[in-house]
Amino acid sequence: MGSVATKLDPAALEAVVKGLTQAVAETSVTTMKAQNYHWNVKGMAFGPLHEMFQTIYEDHFTGQDELAERVKALGAHAVGRYDAFLALSKVTECDGHVDAQAMIANLRDDQRTIAGTLDALARTAEEAGDLITQDLAIERGTVHEKFAWLLDAHIQG
Ligand SMILES: [Fe+2]
């Protein structure tokens, strides 16, 4: 019994690393966006929104590290450049000149996008026989789906 990294066939490994890298990219772009909103949010709900955006970017900073370090455990190169992240990411940047409602809706949509990427990664990893990456993708997907609900609840009702 070797480690997953030594057992994966090259095509399966490439597919898993590709999915992980996309998840790192989208988590990273969203880290910056949540921090941008943490800085630039305005209005009577400043306090709780400033804090919630901090909770999100702190989680994402840790999350992107876990995903990138899984790439390393698999023996591949971890992408660590913003231009590469932006090219890969389905999450886009925001200049921060939007109202609190739009910040919340944007971040909610981003959480759903990342959750979708992680769901696809979990399935790719399962197919590859890489249950460790599958577990990480499910764990991170659960966090992003929870943030999507948390953000969505602010702009419903
Ligand atoms: Fe701060």
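Whatever order the structure lists ligands and atoms in, that order sets their numbers, starting from 1. No experiment lies behind these values; they were computed from the predicted model shown.
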**Student:** Without hydrogens or angle criteria, can the side chains of S89 and E26 be said to hold a donor-acceptor pair below 3.5 Å?
**Tutor:**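 On atom types as modelled, these side chains do not qualify, holding no pair under 3.5 Å.
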**Student:** By ring pair (Phe, Tyr, Trp, His ring centres under 6.0 Å), which residues pair with F46, not counting sequence neighbours?
**Tutor:**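 Partners of F46 by the ring pair (Phe, Tyr, Trp, His ring centres under 6.0 Å) criterion, ordered by chain and then number, come out as H50.
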**Student:** Distance alone, cut at 3.5 Å: any donor-acceptor contact between the side chains of D130 and Q134?
**Tutor:**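 No pair is found: no donor N or O on one side chain lies under 3.5 Å from an acceptor on the other.
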**Student:** When Ile, Leu, Val, Met, Phe, Trp and Tyr are grouped by side-chain heavy atoms lying under 4.5 Å apart, directly or through other members, which residues fall in the same group as L88?
**Tutor:**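 Joined to L88, directly or through intermediates: none.
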**Student:** Going by chain and residue number, what protein N/O/S atoms come nearer than 2.8 Å to the Fe ion (ligand 1)?
**Tutor:**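 H38 NE2, with waters left out.
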**Student:** Do L150 and L107 land in one hydrophobic cluster if side-chain heavy atoms of ILVMFWY residues count as linked below 4.5 Å?
**Tutor:**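 Yes, same cluster.
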**Student:** With sequence neighbours left out, write down each residue that passes ring pair (Phe, Tyr, Trp, His ring centres under 6.0 Å) with H144, or none if nothing qualifies.
**Tutor:**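 Testing H144 for ring pair (Phe, Tyr, Trp, His ring centres under 6.0 Å), a comparison that skips the adjacent residues, returns H60.
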